[in-house]
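The next block holds one structure in the form of structure tokens; read it before the comments.
Within every chain, numbering begins at 1; the chains are lettered A, B, ... in the order of the sequence lines, protein sequences first and strands thereafter.
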Number of protein chains: 2
Amino acid sequence: MFQSATKDKMSTHIIRQVREAILKGELQPGQCLPPEKELVTQFGVSKHTLREALRTLEAMGFIEIKRGAGGGPVVSEVDMKTTRDSIANFLHFQNVSVSSLSEVRKILEPYLARRAAETFSAQEIEILEDIDAKCQAIFKREKNIVGTREEIDFHVFLARASRNPVMEMILDFVNSILTDIKSHMKPGIEFSEHVLASHHKVLKAIKTGDADGAEKAMYQHICEVEEELGELGEEKKPTVNKAV
Amino acid sequence: MFQSATKDKMSTHIIRQVREAILKGELQPGQCLPPEKELVTQFGVSKHTLREALRTLEAMGFIEIKRGAGGGPVVSEVDMKTTRDSIANFLHFQNVSVSSLSEVRKILEPYLARRAAETFSAQEIEILEDIDAKCQAIFKREKNIVGTREEIDFHVFLARASRNPVMEMILDFVNSILTDIKSHMKPGIEFSEHVLASHHKVLKAIKTGDADGAEKAMYQHICEVEEELGELGEEKKPTVNKAV
DNA sequence: TGCAGATGTTTATTAGAGTAAATATATCAC
DNA sequence: GTGATATATTTACTCTAATAAACATCTGCA
């Protein structure tokens, strides 16, 4: 009914103003904000207060701060990494498990594989083959692909090709968190072998336009991963990643 | 290969330490951290530096800070609100649209409706009826249910009942963002009427254990919403929410 | 008992000064 | 001129010290 009369903190005002300016498009990603010294006078607050506000905006992913001449706060798009970390932190406090992640995968990914088989252009197939080749190369070198970005990319690319940013984001964080759990379980060499073989089966079906085959192969791949990880003992929470 | 030799900022060290302590469970949600004064001596940094670190941890959702006697930093679970905002901010910079959100819904929600019809207990059905009743009550009062939490709850509860935190989170943010877009489009009274009628159809199928019916009704509901919003003109980005 | 005020604790904000890092610019050798 | 090196400048980062505001609790008076 009435507006709350509680005086917010000064830094909150600053955060809100900058945030809204960015979301409204008045401040575009890439654009520089004035340096501390000037912002202090513009907002009429002390350096300390201003810096706290900038720190918060930085944590939210709205700005990056560079030092040195020509540096200062720069507006940036909120990126997947910031968001992924937030999701991972949230799920850490829920009972996220391999099976809960796998359930989501089993619904979404076969759908995406089918779509890929039906709609992929020659170029898209080439990219997917590239990703697959990179995985193979890593495996030859390291005898392990668990925990690499490339392993995830195979799945995320199917989502990216759908041109649906929501789908892509979901695939990204589900696979990232799952991979994080995996790498703590330290599966053996045969696990990576199975993954590569499955990817290959999916890829082949997509290449030949075999929608049913792609859907089935993907479903089976996810089930296999879930089972093999289940055998590897009790599931651990996604633990501390490097992010700060 | 070698560890990066770049000196991180002092506040980064503090953030990492506290964050890891919380993720490892050494610091439990609800637990109080020592007041600024003591943290300053424990970390051996100035008050300013410490406060910046606390501000960042606050933005990440790991702590809350209360002022006054007995106040201070309190460890808290990273909650859905923090995470939802982060996702909304991220998707703001992608081309999220009603159709991209609807595509995800069309895959996940019919599945959940089917599952509900197959497995819901009498108690769970009662809760769902309660939510539905609340929606009806709001509609009678306001002639509009768009933008209310109750509208979302109907969908999120189906996910919550699946006991899959990942699923629940996805349903929460997809429906929250969609509702945010909706409320900016200001659909008329008949839109709310259609939504309520559709919810009722889904509810009825779940109550009678009609899995096929529930699945189909939910799918149709989502398509209907997508179409009606499509007619309402070009889609707008999810705009500024109140969060700070 | 119950209310008003005093007291102590803790965060919020300010001011000012000095340090360290990154960049830009000028200088010098060739 | 070109390239490398030194210098200067810009900018964020850190620290100290002190005041103001919020909050909880205790105290004393009616």
Query raised in the report: Between A:Arg55 and D:dC13, does any side-chain N or O lie under 4.0 Å from OP1 or OP2?
Result: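 So the side-chain polar atoms of A:Arg55 do come within 4.0 Å of the phosphate oxygens OP1 or OP2 of D:dC13, strictly under.
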
**Report entry** Phosphate OP1/OP2 of C:dT14: any A:Thr49 side-chain N/O under 4.0 Å
**Finding:** yes

Can you tell me the distance, in whole Å, between the [atom1] atom of [X] and the [atom2] atom of [N]?
{"X": "B:Glu52", "N": "D:dC13", "atom1": "CD", "atom2": "P", "answer": "7 Å"}
{"X": "A:Lys47", "N": "D:dC13", "atom1": "NZ", "atom2": "C1'", "answer": "8 Å"}
{"X": "B:Glu38", "N": "C:dT11", "atom1": "CD", "atom2": "P", "answer": "11 Å"}
{"X": "B:Lys37", "N": "D:dA18", "atom1": "NZ", "atom2": "C1'", "answer": "15 Å"}
{"X": "A:Glu58", "N": "D:dT11", "atom1": "CD", "atom2": "C1'", "answer": "15 Å"}
{"X": "A:Leu39", "N": "D:dA12", "atom1": "CG", "atom2": "C1'", "answer": "12 Å"}
{"X": "A:Ile14", "N": "C:dA12", "atom1": "CD1", "atom2": "P", "answer": "14 Å"}
{"X": "B:Arg67", "N": "C:dT11", "atom1": "CZ", "atom2": "P", "answer": "11 Å"}

Query - Earlier contact from the 5' end, DNA chain C, for B:Glu36 and B:His48 - result: B:Glu36

Query raised in the report: Relative to the 5' end of DNA chain C, which residue comes earlier, B:Lys66 or A:Leu50, by the nucleotide with the nearest heavy atom?
Result: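 The answer here is B:Lys66.
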
Which nucleotide in the set [options] lies at the smallest distance from any side-chain heavy atom of [X]?
{"X": "B:Lys9", "options": "C:dT11, D:dA12, D:dT14", "answer": "D:dT14"}
{"X": "B:Ser46", "options": "D:dT14, C:dT23, C:dT14", "answer": "D:dT14"}
{"X": "B:Ala69", "options": "D:dA12, C:dG8, D:dA18", "answer": "C:dG8"}
{"X": "B:Arg51", "options": "D:dT14, D:dA12, C:dA12", "answer": "C:dA12"}

Report task. Ignoring hydrogens and angles, tell me if any N or O in the side chain of A:Gln31 forms a donor-acceptor pair with the backbone of A:Gln28 under 3.5 Å. Result ->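 Present.
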
Query - Verdict with reasoning, A:Glu168 to A:Arg163, per salt bridge (Lys or Arg N to Asp or Glu O under 4.0 Å) - result: CA-CA 8 Å; A:Glu168 184 178 345; A:Arg163 313 257 170 205; over 6 Å; no

Query - Value rounded to 0.5 Å, distance of OG1 in A:Thr82 from CG in B:Asn89 - result: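 Separation between the atoms: 10.0 Å.
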
Report task. May I ask you to say whether B:Asp180 pairs ionically with B:Arg149, meaning some side-chain N is under 4.0 Å from a carboxylate O? Result ->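 Answer for the salt bridge query: no.
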
Query raised in the report: For A:Pro34, which contact category applies under a 4.0 Å heavy-atom criterion: base, sugar-phosphate, or nothing?
Result: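 Nothing: the residue A:Pro34, judged by heavy atoms under 4.0 Å, touches no strand.
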
Requested in this report: Taking all non-hydrogen atoms of both residues into account, name the closest pair between A:Glu150 and A:Ile131 and its distance.
Outcome: O-CG2, 3.8 Å

